[in-house]
There are 2 protein chains.
Amino acid sequence: MTSIFHAADANHLLANLPVAERDAFMATCETVPLTFGETLFQPTETVTHAYFPIDSFISQIAILNADNRLEVAMAGREGMLGISLILGVEEAPMLALVQGAGSAFRIKAANLRRLLPDSPVLHQRLKRYIYVVMSQLASSVACNHFHRIEERLARWLLMTQDRANSDSLQLTHEFLAMMLGVRRSGITLAAIALQTRGLIRYHRGEITVVDRPGLIEAACGCYAEDCALYNRILL
Amino acid sequence: MTSIFHAADANHLLANLPVAERDAFMATCETVPLTFGETLFQPTETVTHAYFPIDSFISQIAILNADNRLEVAMAGREGMLGISLILGVEEAPMLALVQGAGSAFRIKAANLRRLLPDSPVLHQRLKRYIYVVMSQLASSVACNHFHRIEERLARWLLMTQDRANSDSLQLTHEFLAMMLGVRRSGITLAAIALQTRGLIRYHRGEITVVDRPGLIEAACGCYAEDCALYNRILL
DNA sequence: AATCGTCGGCGCGCTAGCGTACACAACGCG
DNA sequence: CGCGTTGTGTACGCTAGCGCGCCGACGATT
């Protein structure tokens with residue numbers, strides 16, 4: 001590799017680590033493909049691995065019961081899945097579903113635990129990431145409570161676009177309804193509104209972001225705040 | 001002190017620590033009184049202290065804007081305030097308001113930072129507490145979205161009662177409305193319903209829990225799940 | 001070219017909760 | 001004792017979103 005960028009840089013939490021830490025991590029991790037729809041964690045089950053997405057992304061979904069479920073967090077290249085392990089807990093808090101196929105670095109729980117005491121930079125970065133996720137969860141409580149479907153849909157599309165790194169997303173209204181915890185036809189109405197305003201275009205399971213700045217405008221402020229928080233704490 | 005219980009045991013996170021860790025903590029902390037309505041943290045401001053409530057309790061409130069605010073977490077004898085410090089971040093994520101007057105152990109940010117590396121039991125316990133709070137935040141996103149006011153009110157009263165250690169709570173409908181992020185008269189209706197069912201009694205700013213088991217029944221399952229999670233992870 | 005499953009548009013009646021506003025009762029203070 | 005303040009009950013019209021269900025259109029398969 002002649003580039004100054006190492007393969008590990010593909011995940012932001014692993015980028016620019018001290019060489020010793022990076023090598024130690026890469027020596028004990030493996031690269032795995034994740035397929036769309038794959039379940040990585042079931043709530044309360046034991047977490048055996050942590051995942052650091054490269055070009056995949058994962059939805060974390062809170063389940064109240066069969067009919068009441070909704071996405072509360074998303075992990076892509078900018079983050080990780082398996083926070084519990086950093087906190088010394090071996091159970092998964094929520095359902096983790098691969099929402100964007102791709103690959104990820106995967107590391108065994110025991111290896112990660114062994115690694116962290118000797119990787120102060122990584123360890124610190126992961127703890128700060130946990131802070132970001134917690135803060136975003138806190139504001140999501142308010143966002144899901146106060147903001148309407150159209151704003152939340154816009155926010156969700158932006159977050160997904162960031163992680164998918166593409167203007168075109170493979171998503172049905174049905175799926176979006178599950179993510180936002182609303183009715184399918186509620187999504188249809190919101191999507192029509194966004195399309196009419198020229199912000200997105202869609203057709204049978206494919207949504208294209210046409211006007212990203214406009215979409216940011218249409219989204220609730222929570223999107224911008226989430227970005228600002230991430231940059232403030234992790235960059 | 002002839003009792004086998006030490007003063008530190010008044011906060012569950014500090015109870016039954018190894019003597020060395022307990023002494024180190026108690027040597028650098030102070031006991032402070034907290035008065036009702038006091039603001040301990042403002043969002044994004046620097047956190048100078050962590051608090052371990054003894055018989056006080058503190059609401060953590062997410063603020064979207066002047067009109068849209070709602071409580072997302074509560075810290076009493078069973079927990080702490082100032083999680084950011086454990087994660088190596090010095091800013092506060094939310095507004096922290098004293099909701100039940102009483103006292104708390106208070107420790108300076110720098111002292112806590114210095115203490116933790118030599119206090120493995122406490123450190124581990126605090127990390128596991130963070131996991132509990134995160135999981136509760138995640139399910140709160142869903143709870144606030146799907147459950148109705150009456151169920152959420154019942155849950156909130158139970159959580160408050162646990163921390164206040166009293167059947168009688170000093171609360172106005174106005175205040176409850178702010179906590180749950182709803183209209184004042186929405187609380188009045190829910191309170192009437194609960195009183196009619198003989199679960200609570202209230203009068204001008206004082207609410208009394210009459211039938212706790214019944215109230216648990218009336219609350220959404222989130223209350224029981226929160227308790228179960230706490231016990232599973234921290235006991 | 002016919003078929004069939006998936007996806008999206010739409011309608012209908014309904015409910016929870018909103019914003020606003022007013023009235024009354026209890027309490028605290030001078 | 002009278003007064004203002006605070007807390008609670010209630011009413012009215014309104015909106016977002018629900019549950020349900022139907023239909024048409026698209027696209028893949030054969």
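For the numbers below, each heavy atom of this structure counts, side chains included, while hydrogens, waters and symmetry mates do not. Chain naming here is simple, since letters A, B, ... match the order of the sequence lines and numbering starts at 1 in each.
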[atom1] of [X] versus [atom2] of [N]: gap in Å, rounded?
| X | N | atom1 | atom2 | result |
| --- | --- | --- | --- | --- |
| D67(B) | dG17(C) | CG | P | 19 Å |
| Q170(B) | dC27(C) | CD | C1' | 14 Å |
| R204(B) | dA26(C) | CZ | C1' | 4 Å |
| I192(A) | dG11(C) | CD1 | P | 10 Å |
| E206(B) | dA26(C) | CD | P | 16 Å |
| F175(A) | dG8(C) | CZ | C1' | 17 Å |
| H203(A) | dG8(C) | NE2 | P | 9 Å |

[X]: ring-ring contact (aromatic ring centres under 6.0 Å, His included) partners, not counting sequence neighbours:
| X | answer |
| --- | --- |
| H173(A) | Y202(A) |
| H12(B) | none |
| F52(B) | F25(B) |

For D226(B), enumerate each residue passing the salt bridge (Lys or Arg N to Asp or Glu O under 4.0 Å) test, keeping only those at least two apart in sequence or located in another chain.
->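 R155(B).
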
Short side-chain donor-acceptor distance under 3.5 Å, Q136(A) and Y230(A) =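 Looking only at side-chain atoms, Q136(A) and Y230(A) do not form any donor-acceptor pair under 3.5 Å.
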
For DNA chain D, note the earliest and the latest nucleotide, 5' to 3', having some atom under 4.0 Å of a heavy atom belonging to chain A.
->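 It runs dA16(D) to dG27(D).
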
Toward the 5' end of DNA chain D, by each residue's nearest nucleotide, Y202(B) or S185(A) |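 That would be Y202(B).
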
Which is true for [X] with a 4.0 Å heavy-atom rule: it touches a base, it touches only sugar-phosphate, or it touches nothing?
| X | result |
| --- | --- |
| R183(A) | base |
| G205(A) | sugar-phosphate |
| I149(A) | sugar-phosphate |

For DNA chain C, whose closest nucleotide is more 5', that of T172(A) or that of H145(A)?
->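 Upstream on the strand: T172(A).
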
Would you find a donor on one side and an acceptor on the other, under 3.5 Å apart, between the side chain of R152(B) and the backbone of L180(B)?
->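 Side chain of R152(B) to backbone of L180(B): a pair is present.
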
Can a donor-acceptor pair under 3.5 Å be found between the side-chain atoms of R184(A) and the base atoms of dG9(C)?
->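 Checked by distance alone, the answer is yes.
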
Could you list the residues that satisfy side-chain contact (heavy atoms from CB on, under 4.5 Å) with T208(A), not counting sequence neighbours?
->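 In terms of side-chain contact (heavy atoms from CB on, under 4.5 Å), with neighbours along the sequence ignored, T208(A) is linked to D167(A), S168(A), R201(A), E206(A).
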
